[in-house]
Amino acid sequence: MSQIISQPAIRRLVKQWLREGKRVVAPVQIRPDLVSYQPVRSADQFLLDGFIRPLNSIKEVVFPRHEQLFQYRVRGKQIDLLPAPLPDIERIVLAARPCDAAALPILDHVFNWESRDAAYNQRRKLTTVVALACMEHDAHCFCTSLGGGPDDTRGSDALLFDLGDDTLEVRCVTDKGQNLFAGQTESSTRTAPSVPGPERQADLQQVGQQLEQAFERSDWAAWTNRCLGCGACAFGCPACHCFDMVDEGGPTCGARVRNWDACQFGQFTLHASGHNPRSAQSQRQRQRIYHKFHVYPQKFGELLCTGCGNCTRNCPVSLGVLPVLEAMQAEGA
Ligand code: SF4
Ligand code: SF4
């Protein structure tokens, strides 16, 4: 037997969660050609069916673009540090793409590596992720080449399947998911058919070994020379997590804040001396590929990529990681 819920029932649930003061983040149509994960204000504001591919990723729920870490106050020779209060609002991410959800356990490694990031971990604890299995994919999706798929449960607390006629099958994955849907579903004999994922590309799991030999190749410029260095690939990526920290304020008071950054920006590695160890855009592209497919897996045992394709989808010149990896493999690198 399966568990099902109707679309009107799930929208009633969202209404209830909003009334209870929870933050609900879901795909929202911003323009006819633009869908974005956003906090919703009402139960009829979000999309729950069809092929939905938001521009951004759900990492913003646990790793905000801009965040205050602490405030400082200087009184004579005394400096007081006032830590920012820990987040306390419960969050529910609804209709996340499975490839977005799959990035959360990958991000957990870096935010718990040499020190535990208290705010990140608190947000993870407060967040329940309900993914929506993909019924379609586009030319940029390659999750199946990296061990994922349209019904991947990694990072999800529950997974919904569109059964048509306004009905969704609910498969709970964790206790959080069970608690969220307890008493809200009906038993049914209907189950979702398995959904074919994107055709598997070359074995990208093995790309790390190829990269062992490819660092000094002169082809990096040819593979990546159309890159504009805009950073859209990193900001829409569910797994990219570069940030910068700056002090905002004056000599007597202010705050230390953390802002998203991207290794594709020319100033990302610019030293105060004026030297830049990655002065060419091809070096910055090479860095992005190596970090995702060589460095991160060596350090944490997982690729820093789920094959969501957002980097190519969002790129003004259709670059992103897959075209680079394909070019590299085509040349037998
Ligand atoms: S690969 Fe595309 S999205 Fe990424 S920095 Fe280059 S031009 Fe921008
Ligand atoms: S690198 Fe590209 S395909 Fe991989 S997770 Fe990031 S946006 Fe998705």
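Start at 1 and go down the list; that is how both ligands and their atoms are numbered. None of these values were measured; they are calculated from a predicted model.
To the nearest 0.5 Å, the span separating CD on Gln281 from CZ on Phe265 amounts to 10.0 Å. Expressed to the nearest 0.5 Å, how far CG of Leu319 lies from SG of Cys233 amounts to 8.0 Å.
Put simply, Cys233 stays out of reach of atom 6 (Fe) of ligand 1, with no N, O or S atom under 2.8 Å from it. Put simply, Cys315 gets within reach of atom 2 (Fe) of ligand 1, with an N, O or S atom under 2.8 Å from it.
Interface atoms of ligand 2 facing Thr306, defined by a heavy-atom separation under 4.0 Å, are 4 (Fe), 5 (S). Those atoms of ligand 2 with a heavy atom of Val321 less than 4.0 angstrom away are 1 (S), 2 (Fe). Counting atoms of ligand 1 from 1 in the listed order, those under 4.0 Å from a heavy atom of Gln285 are 1 (S), 6 (Fe). The distance from ligand 1 to the heavy atoms of Gly229 drops below 4.0 Å at these ligand atoms: 5 (S), 6 (Fe). Residue-ligand proximity, Leu319 to ligand 1, at heavy-atom distances under 4.0 Å covers atoms 1 (S). Within ligand 2, counting atoms from 1 as listed, the ones closer than 4.0 Å to a heavy atom of Phe142 are 3 (S).
The aromatic rings of Trp17 and Phe181 sit perpendicular, their planes meeting at an angle over 60°, well past the 30° parallel limit. The aromatic rings of Phe243 and Phe63 stand perpendicular to each other, their planes meeting at an angle above 60°, with 30° marking the opposite boundary.
In terms of protein heavy atoms, atom 6 (Fe) of ligand 2 is closest to Cys237 SG, 2.3 Å. Protein heavy atom nearest atom 1 (S) of ligand 2, with residue, atom name and distance: Lys292 CE, 3.4 Å. Nearest protein heavy-atom contact of atom 4 (Fe) of ligand 2 is Cys305 SG, 2.3 Å. Nearest to atom 3 (S) of ligand 2 among the protein's heavy atoms is Gly309 N, 3.2 Å. Among protein heavy atoms, the minimum distance from atom 8 (Fe) of ligand 2 is reached at Cys308 SG, 2.3 Å. For atom 7 (S) of ligand 2, the nearest non-hydrogen atom of the protein is Cys311 N, 3.3 Å.
Side-chain atoms of Gln3 and Arg171 form no donor-acceptor pair, as typed in the model, at a separation below 3.5 Å. No side-chain N or O of Asn121 forms a donor-acceptor pair with one of Arg124 less than 3.5 Å apart.
Ring centroids of His291 and His241 are separated by less than 6.0 Å, placing the two rings close together.
Checking Ile92, Val28, Val25, Leu94 one by one against Val40, the side-chain contact (heavy atoms from CB on, under 4.5 Å) holds for a single residue, Val28. Exactly one of Arg23, Arg65, Arg123 qualifies for a salt bridge (charged side-chain N to carboxylate O under 4.0 Å, His left out) with Glu60. That residue is Arg65.
When heavy-atom distances to ligand 1 are checked against a 4.0 Å cut-off, Val317 comes that close only through its side chain, counted from C-beta outward. The side chain of Arg288, and not its backbone, has at least one atom closer than 4.0 Å to an atom of ligand 2 (non-hydrogen atoms only; side chain from C-beta on).
Both the sub-6.0 Å distance and the 45° axial angle are satisfied by Arg286 relative to the ring of Phe215.
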